[in-house]
Structures are given as structure tokens and as C-alpha cells.
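Everything numeric in this text was worked out from a predicted model, so none of it was measured.
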Amino acid sequence: MQAINASIPFDKRLWRHDIAGSIAHARMLGETGILPASDVEAIVGGLADIAADYEANGVPEDPALEDIHMAIEAHLAERIGPTAGRLHTARSRNDQVATSFRLWVRDAIDGHGAAIVALVQVLLDRAEAEAGTILPGFTHLQVAQPVTLGHHLLAWAEMLVRDLSRFEDARDRMNRCPLGSAALAGTPFPIDREMTAALLGFDGPTANSLDSVSDRDFAIDYLCAAAQCALHLSRMAEEIVLWASQPFGFVMLPDQWSTGSSIMPQKKNPDAAELVRGHSGRILGLMTGLMVTMKGLPLAYSKDMQDDKEPVFEAHDLLELSLAAMAGMMAEIGFVPERMRAAAASGFSTATDLADWLVVHGGLPFREAHHLTGRAVRLAEARGIGLADLSDEDFVALDPRLAGARAAPLSVEASVASRTSVGGTAPGRVREAVGELRGLLAGDTQ
């Protein structure tokens, strides 16, 4: 029973947040006259001493004390005697745990926010430097249209900015204080829940005591945001793995972010990217696991909810590591522009530009322009040349309406330069988007 019941090996992470909650609770008990000032000062001083001890020496694990909350109370009693027992006035372990865990998740969200911003800033720096570098854009992993590398990196940045907003939304929703809900029904003591909420940086107290002690939406919200962020990191990592392979050859991996083979001396493996990709699956599983744990629980508290912390802690560690690894890798990765441009020029990637030109300058319906362009592609393909290599005579021989088609943006450089719509891949638009995202991040970080 002791082995299955004890949670101190993992919930000891909550010690800072439990002590902060206990100090706020003690201060409130003093301000409301529920405890004398002398008891409050003894409790607060004892908790401060415990915090200093834990900071210096770590949290001792005693399975007999079950969890971090009981451990702190026992260590407080060792320091100040029976007065320690007064700290639990007007609260339960149920609202104590819910408060400590919310505080921890809130700090975790803030830490992820800083890590996401750091990664986005790396991507913005690289995107600005590569605003004019040609890269093939793919659909179905087939060369579709030329884009710029800066535009592609900004697509990754946009994904991460949405992740940032998801974490911020989760933080806003969870920022209510359950302390004072007691076991499940509230308390007859004249407590001031607004005061404890303010002392702990919450926007206010939770509204319903039953919901307060049984709610783990905030943990699931966190895991959902973490899973989405991990999914985005996985997609980025997958492209790095592809780009680093010899058939692509778009990037050169830095030595510190890759490994060699135990048997093949020529190998440079994208292990960091592959591990980021792998971590995403674990995080998705952790999110699902907590949802399944919670789905059948009646109100209010059940001991199943002790299993809420390990998936959150594990997901946090995996995501923090993945964000740091991706930021380090993207800061130092080497791009190979000549390979990118050669790939972008293959597969008749500017065919759509010819069709668009026929619509604008020839007045053709797009479907008809699409058909004529297909005929031009087939001719160039049969000759083993690109669209830009067809002569005026070649175009006219196909169809008189193709006269002047060589004026279309048939080179990859002309193609990307023409994509000037908002959100487009033109180098000027890329630089504008970099500036806008930098401004957004500056506002967020302030």
C-alpha cells in the first residue's frame, strides 16, 4: 500500500509551489484573525527555512510521508513544533494539491513561452538572411512551385506563434485560485479567498468548490498545447531529416547536432532532429493518457488524480528539451543554396506562372490557360529542357495565343519575385513579415 500510495518521488517537484501556497494561506489566516500573528510568523519563518534547506540539499524522500505536502508539514513540525498543525486550518490536501499544481503548470507555461520565443527569433534571423534564397515548394512531396527559403522558415515561425497563443490561452483559463475550497464543500472559517488569490498572482478565486478540487482541465489544456507544439516541432524535424539526406542535400548538419555511425564512417545522422520527432509521439501519448484517466471520474476528488502529475512533468521535460535542441540546431545548420535552386528549377515548377501570365496578358480563362501550359510542358519535357528554354517560335507553333509567352516569369527567380501578395514568397514580403513578427514578439515579451 505504501508503494502504490506514495507520490513523493515525483510530486516533490511541487515543493516551491506548495510552500508559496502555504505562506499565502498562513498570511491570510493571520489577516482574518483566524490565527494569531505569532503563529503566522512562526509558520512563515519555518517554511522559509525549509525552502532554503530544500534549495541547498534537495527534498528528502520518505515514503511514509506519502507526498510533498505531508512532507513539508512534517518538516515544519520538526522545526516549530505543534504550531505547524495550525497551518492546515481552513484547507484540505485537495485544494492544497490543486493550488500547487496550478502554480507549477503556470510556471511551466511561462518557461515554454520563453523557449518558443527564442526559437522563433532564431528562425526570423535565418529567414531574413535567406529572404532571397530559392527553395522548391512541395505538395505531395513533389516539386510544385519555387518559393524562398526565408518564406519556408517563416511558415515554421507562424506555427510556433500559434503555439505561443495556445499556451497563453491555457494560462488565462487556469489562472484562478482553488485554495479555500477545502475538501470539496468550502469551509465555515471566515477566510479571504481574494487575498490568497492575489498573493499567489491569480486573477481571482475559483467559483465552485466541488469543481475546484476535481478540475484538471488546466493540466489537460497544458498537455494539449504541448502536444500541438510538439507536433509542429516534429514536422520541422522531419523536413530537416529529409533535407539532410543525400537525395535532397539542402542542408549540412553541424557536427554538434548530429552523430556518426558505429560501422559506416561516412555517415552524419540527424539524431537531434529524429529525437525531436520521436518526443512528439510520447507527448501525444501523455496527453491521451491523462484524458483517459479523467474521463470516468465522478465529483469530487479521487486518488486516480494522483496520476495527473507524472504525464505533465514528463511532457514538460520532453518539450523543453525539444525546443532547446531545435533552437540550437536551427541557429547553426548550414544551407546549400545551389542544391535548393537546382531542385526548385526541376519539374517545371514555373508552369503555373505561365498559366497566370496567359490569364493576365492573354485574357484566357484559367482552365484554358492551364491546358495550353500543359502542352508547353510536354514539349519541353520531350526535348529535355525547361520552359524558359523554349523559343518564341516554339510557343507560337504550339498555339498562336502563346505568342510573347517568354515574357512570363519562367525563371525561378522571376517566379518568386512575382509572388507579392500578402503572405507571399517574394523576398520583399518575406522581409516585411520578419519585421511584423519581430514586432509581435517584442509586444508579447514586454
Side-chain angles (χ1 to χ4, degrees), residues 120-140 142-162 236 239 243 250 330 335-374 376-377 380 386-390 392 395 401-443:
V120 172
Q121 287 173 336
V122 169
L123 292 174
L124 294 181
D125 289 344
R126 301 304 304 265
E128 186 171 40
E130 307 292 345
T133 301
I134 303 297
L135 176 77
F138 295 96
T139 62
H140 308 278
Q142 304 291 312
V143 174
Q145 292 178 317
V147 296
T148 55
L149 175 57
H151 191 58
H152 195 105
L153 296 175
L154 285 180
W156 290 355
E158 290 288 348
M159 293 154 65
L160 292 165
V161 169
R162 292 195 298 274
M236 294 165 59
E239 291 198 289
W243 290 0
F250 292 176
M330 289 310 302
F335 297 114
V336 186
E338 60 274 16
R339 289 293 295 265
M340 293 180 176
R341 191 201 178 283
S346 68
F348 305 99
S349 62
T350 60
T352 305
D353 296 273
L354 175 56
D356 290 341
W357 186 88
L358 289 171
V359 170
V360 173
H361 296 280
L364 298 180
F366 182 80
R367 286 302 172 200
E368 196 168 345
H370 183 282
H371 173 70
L372 287 177
T373 300
V377 166
L387 283 174
D389 300 315
L390 291 174
D392 288 328
F395 279 117
R401 291 172 295 177
L402 288 171
R406 282 183 55 80
L410 299 180
S411 72
V412 290
E413 288 80 9
S415 175
V416 298
S418 71
R419 306 287 173 174
T420 57
S421 58
V422 173
T425 193
R429 283 298 192 185
V430 169
R431 295 185 184 97
E432 286 177 12
V434 168
E436 289 170 2
L437 279 177
R438 281 199 174 121
L440 175 67
L441 292 184

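No donor-acceptor pair closer than 3.5 Å links the side chain of Arg126 to the backbone N or O of Leu153. At least one donor-acceptor pair closer than 3.5 Å links the side chain of Thr425 to the backbone N or O of Thr148.
Between Leu149 and Leu135 the shortest heavy-atom distance is N-CB, 3.9 Å. Residues Val412 and Ser349 share a closest heavy-atom pair of CG1-OG, 4.0 Å. Listed here is the closest heavy atom pair of Ile134 and Pro146: CG2-CB, 4.5 Å. The two residues Leu354 and Ala376 make their nearest non-hydrogen contact at CD2-CB, 4.1 Å. Of all the heavy atoms in Val359 and Phe366, the pair that sits closest is CG2-CA, 3.6 Å. Nearest heavy atom pair, residue Leu387 against residue Ala351, reads CD1-CA, 3.7 Å.
Looking at His151 and Arg419, their side chains never come closer than 4.5 Å, going by heavy atoms from C-beta outward. Considering only heavy atoms from C-beta on, Leu124 comes within 4.5 Å of Leu441 through its side chain. Side-chain contact check for Leu123 versus Met236: some heavy-atom pair is nearer than 4.5 Å. Contact annotation: the side chain of Leu437 approaches that of Glu158 to within less than 4.5 Å [non-hydrogen atoms, C-beta and beyond].
Atoms CE and CH2, from Met330 and Trp156 in turn, are 4.5 Å apart once rounded to the nearest 0.5 Å. Taking CG of Leu358 as the start and NE2 of His370 as the end, the distance is 12.0 Å to the nearest 0.5 Å. A distance of 10.5 Å separates OG of Ser346 from CZ of Arg341, quoted to the nearest 0.5 Å. The NE2 atom of His152 sits 3.5 Å away from atom CH2 of Trp243, with the distance rounded to the nearest 0.5 Å.
With sequence neighbours excluded, the residues forming a salt bridge (charged side-chain N to carboxylate O under 4.0 Å, His left out) with Asp125 are Arg438, listed by chain and number.
Here ring-ring contact (aromatic ring centres under 6.0 Å, His included) pairs that include residues 336-359, with residues two or more places apart or in two chains, are Trp357-His361.
A salt bridge links Arg429 to Glu432: at least one charged side-chain nitrogen sits closer than 4.0 Å to a carboxylate oxygen.
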